[in-house]
Amino acid sequence: MCIRLSRWGCANRPFYHLVVIKKNFPDRHYIDPIEQVGTYDPLPNSHNEKLCSLNLERIQHYLAGGISLEPPVAQLMGLAGLLPNHPSTYSQAWRNREAIDNENTRRTNVLLKEAAE
């Protein structure tokens, strides 16, 4: 079994459920999950927050039983403080700092607010 993100919502408005599901099924998209243990909204709201709600008791219950986590879920658990931070969180933060400091590594479609503003 594993905890993974199950995508819901529209094409331009994704919304994810954190679900416990068996990972040995050939196509996990068409089976019902065992349990939903949280939700995650990746788009920022009016306060520039990405909302994530977790049922920590049930997640700790499954983690104590030896369940595996998919990498995006491990990142969320690390940022929530339940687990140590995932290594890809550090590399993503490093790339963000590089993009702020070095204009050559910055993507053209990302708008960054200057520190002077």
Side-chain angles (χ1 to χ4, degrees):
M1 289 197 306
C2 70
I3 298 179
R4 66 182 287 265
L5 292 174
S6 174
R7 184 184 163 122
W8 291 78
C10 302
N12 295 327
R13 183 70 175 98
F15 187 82
Y16 296 95
H17 290 180
L18 275 79
V19 295
V20 177
I21 196 164
K22 291 185 179 180
K23 67 177 169 181
N24 60 352
F25 283 125
D27 192 0
R28 296 178 290 186
H29 185 72
Y30 297 107
I31 61 171
D32 290 331
I34 296 171
E35 183 178 359
Q36 178 183 342
V37 292
T39 59
Y40 172 59
D41 187 5
L43 297 179
N45 62 8
S46 61
H47 302 291
N48 203 19
E49 300 168 333
K50 296 180 180 182
L51 300 178
C52 180
S53 71
L54 303 171
N55 187 346
L56 296 177
E57 291 179 8
R58 294 302 295 165
I59 291 172
Q60 288 175 344
H61 168 77
Y62 283 114
L63 288 175
I67 198 168
S68 64
L69 300 174
E70 290 194 351
V73 176
Q75 270 188 308
L76 280 176
M77 299 294 168
L79 293 173
L82 186 63
L83 296 174
N85 280 335
H86 194 267
S88 64
T89 305
Y90 294 113
S91 61
Q92 184 177 2
W94 180 83
R95 283 193 299 271
N96 290 343
R97 285 193 302 272
E98 283 292 315
I100 290 171
D101 294 339
N102 188 356
E103 192 170 315
N104 295 331
T105 60
R106 194 176 300 165
R107 294 181 188 161
T108 58
N109 62 345
V110 176
L111 296 175
L112 297 173
K113 293 183 180 180
E114 296 295 327
E117 290 182 3

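All residue numbers refer to positions in the sequence shown, counting from 1.
Taking 4.5 Å as the limit, every side-chain heavy atom of Q75 sits out of range of all side-chain heavy atoms of P71. Side-chain contact between L54 and L82: absent, with no pair of heavy atoms (C-beta onward) separated by less than 4.5 Å. No side-chain heavy atom of C2 sits under 4.5 Å from any side-chain heavy atom of L69. L18 is not listed as a side-chain neighbour of N55, based on a closest heavy-atom distance of 4.5 Å or more. When side chains are defined from C-beta on, L43 counts as touching R13, because their heavy atoms get closer than 4.5 Å. Counting heavy atoms from C-beta on, the side chains of I34 and Y62 come closer than 4.5 Å.
A single hydrophobic cluster is not seen to contain both L79 and M77; linkage of ILVMFWY side chains at heavy-atom distances under 4.5 Å, directly or through other members, places them apart. Note on V73: it clusters hydrophobically with L56, by side-chain heavy-atom contacts below 4.5 Å among ILVMFWY residues. F15 and V19 fall into different hydrophobic clusters, where Ile, Leu, Val, Met, Phe, Trp and Tyr are joined by side-chain heavy atoms under 4.5 Å apart, directly or via other members.
Without hydrogens or angle criteria, H86 side chain to S88 main chain gives a donor-acceptor distance under 3.5 Å.
When all heavy atoms are compared, the tightest approach of P42 to P14 is CD-O, 3.6 Å. The nearest pair of heavy atoms linking G78 to N85 is O-OD1, 2.9 Å.
To the nearest 0.5 angstrom, I21 atom CD1 is 12.0 Å from Q36 atom CD. Here the straight-line distance linking atom NE2 of H17 with atom OG of S53 works out to 9.0 Å at 0.5 Å rounding. The CD1 atom of I67 lies 9.0 Å from the NE2 atom of H61; values are rounded to the nearest 0.5 Å.
Sorted by first then second residue, the salt bridge (charged side-chain N to carboxylate O under 4.0 Å, His left out) pairs that include residues 50-64, not counting sequence neighbours, are E35-R58.
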